[in-house]
Participant: 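Pasting a structure here, questions to come.
Here is how names work: the chains are called A, B, and so on, in the same order as the sequence lines, proteins then strands, and each is numbered from 1. We use all heavy atoms of the structure for the numbers below, so side chains are in, but hydrogens, waters and symmetry mates are not.
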Protein chains: 2
Amino acid sequence: MTKPALRDWQSVRDEVRRRIHARQWKPGDLIPNETDLAAEFGCARATVNRALRTLAETGLLDRRRKAGTRVALQPVAKATLDIPVIRHEVEGRGQTYGYQRLARDWAVPPAQVSGSMRTPASRQMLHLCALHLADDLPYAVEQRWINTATVPAAEREPFLQISANEWLLAHAPYTHGDIAFSAAAADEAEAALLSCAVGAALFVVDRLTWDNAASVTKVRLIFPPGHQLRTAL
Amino acid sequence: MTKPALRDWQSVRDEVRRRIHARQWKPGDLIPNETDLAAEFGCARATVNRALRTLAETGLLDRRRKAGTRVALQPVAKATLDIPVIRHEVEGRGQTYGYQRLARDWAVPPAQVSGSMRTPASRQMLHLCALHLADDLPYAVEQRWINTATVPAAEREPFLQISANEWLLAHAPYTHGDIAFSAAAADEAEAALLSCAVGAALFVVDRLTWDNAASVTKVRLIFPPGHQLRTAL
DNA sequence: AAGTGGTCTAGACCACTCA
DNA sequence: GAGTGGTCTAGACCACTTT
């Protein structure tokens with residue numbers, strides 16, 4: 001019995017995964033090169049390349065020119081997190097989204113903020129505080145600093161109807177950014193907004209985005225106790 | 001002045017990103033099809049395809065057959081998290097890694113565990129508790145259930161020298177899994193292990209992995225106050 | 001120096017989806 | 001039905017890295 005040819009890159013990917021999982025190719029093993037695999041599978045080398053490249057991107061394979069392709073010794077799991085607009089996140093759960101702007105003011109930010117955003121320490125920035133609701137229950141508190149030197153249009157936006165979360169994505173594209181997840185104890189203000197006890201463990205997301213060398217916005221999203229961020233591996 | 005041809009897919013990707021960012025192509029706009037872009041850039045359609053496909057994977061473009069390619073209205077940020085072996089995570093920070101096995105026993109897991117792992121509710125499972133250290137300070141507590149029906153070799157492993165975290169990756173490949181991040185208040189045992197106050201806000205990672213339809217392991221990693229999980233956007 | 005993966009090309013066919 | 005992206009092919013050249 002001869003095997004049928006694997007016609008598409010997904011089939012090749014699945015077969016390679018199967019062999020690794022069946023321990024036919026063990027962690028650390030060198031697997032055949034693209035040309036040989038293409039011959040075995042009866043497809044073009046580009047097809048094998050696409051399959052192996054995809055597996056390497058997920059961390060299952062290590063590939064190096066000349067050295068060849070090896071099964072990763074300790075596959076670093078890569079989880080892809082989708083960070084949607086909060087409104088979509090809530091609506092995606094089948095809940096009704098609500099939004100309340102709590103504050104919009106001009107202030108000189110703490111040194112930590114101006115430092116990380118690389119703005120002059122004494123310059124005022126636009127500061128926002130808002131509450132996102134799901135089915136009329138608090139879903140997240142948003143605390144945000146906006147660099148109006150980078151996004152001048154934000155100066156004229158009241159953010160009463162639309163959250164900065166949503167407005168910025170449509171009006172201020174960014175080139176790159178950082179995101180950090182952590183846990184923090186609720187202070188009095190947060191406890192009041194999120195209807196929880198002072199000191200309760202809150203899930204916190206900090207995000208800082210850049211337009212090339214200019215900072216766009218720094219935001220902290222604070223979620224009530226019990227909130228989970230989930231994704232597939 | 002005519003533009004030089006864009007020779008590789010990275011250049012095409014960068015040019016498309018530049019046009020979107022310069023608002024030459026605005027959110028919601030339909031951009032030219034692959035054939036036209038290939039003609040304009042002086043490269044093959046496959047090159048344009050690779051560039052646009054990559055941008056679509058990061059959420060910047062929406063592509064649909066026949067409907068064409070549009071600039072995403074609200075680019076869903078995709079953050080790729082690397083979840084390495086804890087030892088590598090610690091060593092990557094330039095710290096010295098340490099490991100202590102605290103417990104290894106057989107027990108009937110709580111219903112929530114056997115339920116999510118789809119194992120018989122009354123069957124005993126291998127249960128582990130361990131402490132990971134960085135420069136002799138507590139880095140994370142690991143609480144783990146192992147389905148020995150799926151990974152029988154784990155029955156003979158004491159996990160004294162090597163953490164289950166590391167052993168399983170090398171000995172029990174998984175096909176898929178779920179991961180969840182949250183915040184939790186420290187109970188007395190956790191507070192003692194992590195040298196923090198009872199009730200302190202801890203960062204928690206829950207992970208459940210599968211070998212096809214069979215669960216492999218369910219693990220909870222608990223990090224001390226202040227711990228951050230960071231990544232680029 | 002040589003072997004491997006990385007990519008580009010030109011052409012082709014197909015799958016999906018909109019009108 | 002027709003337009004678009006998705007993919008495959010066969011061949012070619014190049015870049016990187018190890019020997």
Side-chain angles (χ1 to χ4, degrees), chain A residues 2-17 19-20 25-73 75-76 78 80, chain B residues 3-17 19-20 25 27-73 75-76 78 80:
Chain A
T2 60
K3 292 172 295 191
L6 300 181
R7 309 201 162 283
D8 51 39
W9 69 268
Q10 291 95 335
S11 309
V12 173
R13 178 199 59 195
D14 293 348
E15 171 63 13
V16 171
R17 266 209 291 241
R19 290 185 185 183
I20 292 172
W25 293 335
K26 300 185 187 65
D29 280 2
L30 193 60
I31 77 173
N33 68 32
E34 296 187 346
T35 309
D36 292 349
L37 285 175
E40 181 195 338
F41 293 148
C43 66
R45 181 166 79 93
T47 305
V48 173
N49 177 275
R50 174 85 187 265
L52 299 187
R53 175 161 42 85
T54 303
L55 290 171
E57 280 166 4
T58 67
L60 192 60
L61 296 175
D62 280 336
R63 319 193 75 198
R64 269 153 58 214
R65 284 159 152 134
K66 164 72 179 175
T69 299
R70 290 176 182 279
V71 180
L73 273 173
V76 173
K78 312 248 181 184
T80 304
Chain B
K3 291 173 294 191
L6 300 181
R7 309 201 163 283
D8 50 38
W9 69 268
Q10 291 96 334
S11 308
V12 173
R13 177 199 60 194
D14 293 346
E15 171 63 12
V16 171
R17 265 210 291 243
R19 290 185 185 184
I20 291 171
W25 292 336
D29 280 3
L30 194 61
I31 76 173
N33 67 32
E34 295 187 346
T35 309
D36 292 350
L37 285 175
E40 181 195 338
F41 292 148
C43 65
R45 182 166 80 94
T47 306
V48 173
N49 178 275
R50 174 88 188 262
L52 298 187
R53 174 162 43 86
T54 303
L55 290 172
E57 280 167 4
T58 66
L60 192 60
L61 296 176
D62 281 335
R63 319 193 73 196
R64 269 154 57 214
R65 285 159 152 133
K66 164 73 178 174
T69 300
R70 290 177 182 277
V71 180
L73 272 173
V76 173
K78 311 247 179 179
T80 304

Participant: Tell me, do A/E34 and A/R53 make a side-chain contact under 4.5 Å, heavy atoms counted?
Facilitator: no
Participant: Which whole-number value in Å describes the distance from A/R70 CZ to D/dT17 C1'?
Facilitator: 13 Å
Participant: Is the shortest heavy-atom distance from the side chain of B/L55 to the side chain of B/R13 under 4.5 Å?
Facilitator: yes
Participant: Can a side-chain donor-acceptor contact be found between B/S11 and B/D14 if the only test is distance below 3.5 angstrom?
Facilitator: no
Participant: Just by protein heavy atoms under 4.0 Å, how would nucleotides 2-12 of chain D read 5' to 3' in B, S and -?
Facilitator: -BBBBBSB--B
Participant: Any donor-acceptor pair under 3.5 Å linking the side chain of A/R70 with the backbone of A/G28?
Facilitator: yes
Participant: What is the minimum heavy-atom distance between B/A72 and B/G59, and which atoms define it?
Facilitator: CB-O, 3.3 Å
